[in-house]
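Remarks on the structure that follows.
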Amino acid sequence: MIVVIHAHPYPSRSRAGRALVEAIRPLPDVEVRSLYDLYPDFDIDVAAEQEALARAGLIVWLHPFYWYSVPGLLKHWFDKVLERGWAYGDGGVALAGKRCLWVPTVGGAEETYATGATNLKPFAHYVDPVEQTARFCRMVWEEPFVVFDARVIRPEDLARHAALLRERLLAYGGAPVRPALEGAAA
Ligand SMILES: Cc1cc2nc3c(=O)[nH]c(=O)nc-3n(C[C@H](O)[C@H](O)[C@H](O)COP(=O)(O)O)c2cc1C
C-alpha cells in the first residue's frame, strides 16, 4: 500500500503538483490524502492519519516547496501525527522500516540551488530537515523525486516527470516492505 500525503493550499491553481498526483492516483494500492481538502481548518484527525500510515509500506510526501520547506499544513501534520510513543521515542515504532519518498515541486531551476547562486546552497542542503524527520521516525529514506523549475516547466517535461514518478511507484509496488527494525524505540 502506498499512501500519498499531498499538501497544496490551492489545488485549483496547482499545475506541477496536480500533474504528478493525477499520474499516480489511478495506480493500484495508492491512496492520495489531500490534506488541505481533508482539513481546511487545520483540525487534523490524528487517528485517521495514523491508521492510513499504518497501512502503508511506502509513504509519499508530495507538495510545493514553500520558503525552503513544506507548506504550513504539512508541517502541522508532522507536529500532530508523528507523535512520541507512536512514531518515535519509547515504543514509537509504528513507522519503522516503512519507506519514505519526498516529492517536492520546486519553483527555482536546479542551477539556482548552488553555492553563490540565488538560492545560496545546493538543494541537498534543504533536504536535510525533511530527511531527518523521516529518519528520526526510523523510516527508510528513498532518493527524493524533485521537480525543479516547477512554475514554468514545459508541459512535455512535466508529463515526462509525471510518467517517471508513476514508474517509480509501480516499481515499489512489487517490492517487499521492509520489516520493522529491531529495537527501533529511541
Ligand atoms: C508561498 C510560496 C513560497 C515559495 N517558496 C519557494 C522556495 O522557497 N523555493 C522555490 O524554489 N520556490 C518557491 N516557491 C515556488 C513553488 O515551489 C512553485 O510555485 C510550486 O512548486 C509550483 O507547483 P504547483 O504548480 O503545484 O503549485 C514558492 C511559492 C509560494 C507561493
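Index from 1, following the sequence. Both counts, for ligands and for their atoms, begin at 1 and track the order of listing.
With respect to atom 23 (O) of ligand 1, the closest heavy atom belonging to the protein is Thr105 OG1, 3.2 Å. The protein heavy-atom contact nearest to atom 12 (N) of ligand 1 is Gly107 N, 3.2 Å. For atom 19 (O) of ligand 1, the closest heavy atom belonging to the protein is Arg151 CG, 3.0 Å.
Ligand-side atoms of ligand 1 in range of His8: 24 (P), 26 (O), 27 (O), range being under 4.0 angstrom from any heavy atom. With ligand atoms numbered from 1 in the order given, ligand 1 contributes 24 (P), 26 (O) to contacts under 4.0 Å with heavy atoms of Gly17. The atoms of ligand 1 that sit less than 4.0 Å from any heavy atom of Arg15 are 24 (P), 25 (O), 26 (O).
Within a 6.0 Å sphere centred on CZ of Arg151, other residues, nucleotides and ligands contribute 12 heavy atoms or fewer. Other residues, nucleotides and ligands contribute at most 12 non-hydrogen atoms within 6.0 Å of the CD atom of Glu110. Within a 6.0 Å radius of CZ in Arg160, more than 12 heavy atoms belonging to other residues, nucleotides or ligands are found.
Of the candidates Tyr66, Phe65, Trp67, it is Phe65 that places a heavy atom closest to atom 17 (O) of ligand 1. Proximity annotation for atom 26 (O) of ligand 1: of Pro9, Pro104, Ser14, Gly72, Ser14 comes nearest, heavy atoms only. Here atom 9 (N) of ligand 1 lies nearest to Tyr113 when heavy atoms of Tyr126, Tyr113, Phe148, Tyr68 are compared.
The side-chain heavy atoms of Trp77 and Val70, taken from C-beta on, include no pair separated by under 4.5 Å.
Among the atoms of Arg13, none of the N or O lies under 3.5 angstrom from an N or O of ligand 1. Taking any N or O of Asn119, backbone or side chain, none lies under 3.5 Å from an N or O belonging to ligand 1. When only interatomic distances are considered, the shortest N/O to N/O separation between Ala150 and ligand 1 does not fall below 3.5 Å. Remark: ligand 1 and Arg18 share no N or O pair separated by less than 3.5 Å (distance only, no angle test). Residue contacts with ligand 1: Pro64 is placed with no nitrogen or oxygen under 3.5 Å of a nitrogen or oxygen of the ligand (distance criterion only).
Ring-plane geometry between Tyr88 and Phe136 is classed as tilted, the angle between the planes lying from 30 to 60 degrees on a 0 to 90 degree scale. Between Trp141 and Trp61, the ring planes lie tilted relative to each other; the angle falls in the 30° to 60° range.
Heavy atoms only, all atoms of each residue included: Arg166 and Ala23 are closest at NH1-O, 3.1 Å. Minimum interatomic distance between Tyr36 and Gly72 (heavy atoms only, all atoms of both residues): OH-N, 3.6 Å. Closest approach of Arg18 and Arg13 over heavy atoms only: NH2-N, 4.3 Å.
Neither the backbone nor the side chain of Phe123 has any atom closer than 4.0 Å to an atom of ligand 1 (non-hydrogen atoms only).
No continuous path of ILVMFWY side-chain contacts below 4.5 Å connects Tyr10 to Leu74, so the two sit in separate hydrophobic clusters.
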